[in-house]
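Here is the structure we will look at, set down as structure tokens.
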There are 2 protein chains.
Amino acid sequence: MSTIKDVADRANVSIATVSRVLNNNRYVSPDLRERVQQAIRDLKYEQNVMARNLRRNQSVTLGVIIPDATNPFFAEVTRGVEDVCFERGFIVILCNTSEDTHRAASYLSTLYQHRVAGIVLVTPGDLREELRYHIDKGDPLVLVDRPLPDVPADMVTSDNYGGGYQAIHHLVELGHRRIGLITGGHHLQTTKERYAGVQAALKAAAIPLEPGLVYEQGDYMARSGYEGLAALMQVPHPPTAVFAFNDLMALGALSYAYDHHIHIPDDLSIIGFDDIQASEFFVPALTTIAQPRYELGRIAAELLIDRILGNDHALTNERLPTYLVKRKTTAALVPVNGAHA
Amino acid sequence: MSTIKDVADRANVSIATVSRVLNNNRYVSPDLRERVQQAIRDLKYEQNVMARNLRRNQSVTLGVIIPDATNPFFAEVTRGVEDVCFERGFIVILCNTSEDTHRAASYLSTLYQHRVAGIVLVTPGDLREELRYHIDKGDPLVLVDRPLPDVPADMVTSDNYGGGYQAIHHLVELGHRRIGLITGGHHLQTTKERYAGVQAALKAAAIPLEPGLVYEQGDYMARSGYEGLAALMQVPHPPTAVFAFNDLMALGALSYAYDHHIHIPDDLSIIGFDDIQASEFFVPALTTIAQPRYELGRIAAELLIDRILGNDHALTNERLPTYLVKRKTTAALVPVNGAHA
DNA sequence: TACAGTTTAGAAAACGTTTACATAACAAGA
DNA sequence: TCTTGTTATGTAAACGTTTTCTAAACTGTA
């Protein structure tokens, strides 16, 4: 691998001159410039960005730490980050934690050791101690999707509380009163917030929360949605509508319903959360609470890069709105009363 | 940000000693070692991996260039790469090309300038010229999923030809003779191979290929599957079975079928390709040709890292087998003849 | 013709590490 | 006591850049 020195030798100039044509920030005579460029071509020289960054004491790399890039929600967030990075000349290092706090902590250190300019983090759990350590040093960081209290970092999240409220409100408006829940992990702030929104909406509609109607073992993956609906349909008075805390679990629920001849939305309404790209093509097309996934990533990246570039604004806590996307999995409750039996 | 020099000063030792406790590769007396470690803690020192790599002339970073991390297939491949990297102390830089050859070429250069140790590439098109340039320099590279002829690089792909054959064979075995195709972009080698497999299987069954039964505008995204099936059902003699060249398009087709009251699999059989995680939960559960997506990524990463570490084996061209996963979207053709009309 | 000012290019220091080399201290065998 | 050998530490060079500083060469004006 050839270096700037090789180029300089071949072009019979000093390395300073080569550096100047590389960055063209100083005048170099056409003659020398041409010789240098020829040498670069001859040697297939590629600038060593690491060395450059070392000398300049800068970095054009962002770290992204997410639970699982295989989950469409995080994939879309990551895509937002990466697109901004591409536009602004950064590159992104991707790290999957599999919801493992240790792996996240490990990646956090690794990334800063690699001198990333900043990190976009979807935390798998309570990483406050590790974060404080890094933030105290001044390492830029932005928390996405899952906030963490008392951490002095930028955060960009969506309005999970509002989203939970909207989901239930929609179901209630359709006349449902027996509403089942398939939640996600309860250690997650997002789950808690959605749950709080649910409770508020239920209360507003004067519907008591029935413990039997909430399946708590959801883990935001499709299979648990399948199992969740299975459990919910086993209770004495099954729900007429179910709110799955994300689209993947809603997909699982749809699958269970199909397998057991539960007709959606006539027999049962299902509503999801996220509005991942595919949800439009679920069968039936999924009614869901949309989050601006891609925007979440974009905004986080913009925030981070701005801060890195020295535009230090006050700590932001951006909370993006969610909204209902009505499709085909929810419908008005048709009152079936005992008269038929 | 403190440096090794700061640590040395505070611990009253030379930087060499600090380096030695950092890498613990030389004997350092317990006394000094303790002082150094204390200083590291005090200063919150983090090793600068870039500087280390510069000096050692090594790199522990892999680049991954894929069309779109938002596509579950590529997400799962990437996940395979990343897991191997984590195990072996590497990190991965992720680049999405959006199927844009220029963006890919740009990333290729950027990555090598960042001195990644190697690149895992799912090429968006014919990048042979650019690749030759880099390969000639000796930059390690492995092509995944989409091979490129005459490129002296390791390749790991799946048996798309065989997969295409299997898909058609399965449908034929079920009695179908009017088989529709929703293909992907025809500039892609994978598409061509699947298509060739299809043709071979059709020929083996003595079924002529009807141009009207192949929808060529597919782009491997769900929407085009929806539109593809729409187009196929409009022809005078619509197919009784459809092979969508990937699961996402199969999902789109399922969605169209549902919207237009085409019952799957009774009225129409559908088979996909990939076996992405979610396909098991499609409605109905998707019959598909499975590719070892995660393994594709893992093997690519192993190959690359081995080569980087100097185990230079001959060029490999690993071709992983595909296999049929029978689920609920295909069924035996029930002969409906004119007698009923 | 001389002088100041400007332009162009090279020399060398710096970025934060690792590591080859040098050296001091000490133990042990003669 | 004097070598010799070992061990523990430090000094300095090197990695590939950028950039400050310096110097040489040129330009133009008096």
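Letters A, B, ... mirror the listed sequences (proteins, then strands); counts begin at 1.
- Among the atoms of the strands shown, only primed sugar atoms or phosphate atoms (P, OP1, OP2) are found under 4.0 Å from some heavy atom of A/E46.
- Judged purely by distance below 3.5 Å, without hydrogens or angles, the side chains of B/N24 and B/R33 never pair a donor atom with an acceptor atom.
- Per the geometry, CZ belonging to B/R35 stands 15 Å off P belonging to D/dA8, to the nearest Å.
- Checked against A/Q291 for a side chain to side chain contact (heavy atoms under 4.5 Å, CB included), the options A/T157, A/L296, A/T190 give a single hit: A/L296.
- Along DNA chain D, the nucleotide nearest B/R26 and the nucleotide nearest A/Q47 are compared for position; the residue whose nucleotide lies closer to the 5' end is B/R26.
- Counting distance only, with no hydrogens placed and no angle test, the side-chain atoms of B/R55 and the base atoms of C/dT18 include a donor-acceptor pair under 3.5 Å.
- Distance B/N53 CG to C/dG16 P: 16 Å, rounded to the nearest Å.
- Atoms CG (A/L54) and C1' (C/dT17) sit 8 Å apart, rounded to a whole Å.
- Whole-Å rounding puts the B/Q58 CD to D/dG16 P distance at 14 Å.
- Rounded to whole angstrom, the span from the CG atom of A/N25 across to the P atom of D/dT20 amounts to 10 Å.
- Interface residues of residues 2-24 of chain A facing DNA chain C, ordered by number: A/V13, A/S14, A/A16, A/T17, A/R20; criterion, heavy-atom separation under 4.0 Å.
- In summary, the side chains of B/T70 and A/Y294 do not present any donor paired with an acceptor at a separation below 3.5 Å, with no hydrogens or angles considered.
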- B/S14 and B/R20: CA distance, side-chain angles, deciding distance, side-chain hydrogen bond (donor to acceptor under 3.5 Å, both in side chains) verdict: CA-CA 10 Å; B/S14 73; B/R20 279 161 196 151; 5.3 Å; no
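- Rounded to whole Å, atom P of D/dG16 lies 9 Å from atom CZ of B/R115.
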- Query: Should A/Y107 and A/N96 be marked as a side-chain hydrogen bond (donor to acceptor under 3.5 Å, both in side chains) after you check the CA-CA gap, both sets of side-chain angles, and the distance that decides it?
  - Reply: CA-CA 9 Å; A/Y107 266 135; A/N96 293 107; over 6 Å; no
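- Atom CZ in B/R52 sits roughly 8 Å away from atom P in C/dT19 (whole-Å rounding).
- Regarding contacts with the backbone of D/dC26, every side-chain N or O of A/Y27 stays at 4.0 angstrom or more from both OP1 and OP2.
- Using a 4.0 Å heavy-atom distance criterion, A/N57 is classed as making no nucleic acid contact.
- Under a 3.5 Å cut-off, the side chain of B/T316 and the backbone N or O of B/E318 do not form any donor-acceptor pair.
- Using a 4.0 Å heavy-atom criterion, one finds that A/V49 contacts no nucleic acid atom at all.
- A cation-pi contact, defined as under 6.0 Å to the ring centre and within 45° of the axis, links B/R103 to A/F86.
- Atom OH of B/Y112 is separated from atom P of D/dG16 by 19 Å (rounded to the nearest Å).
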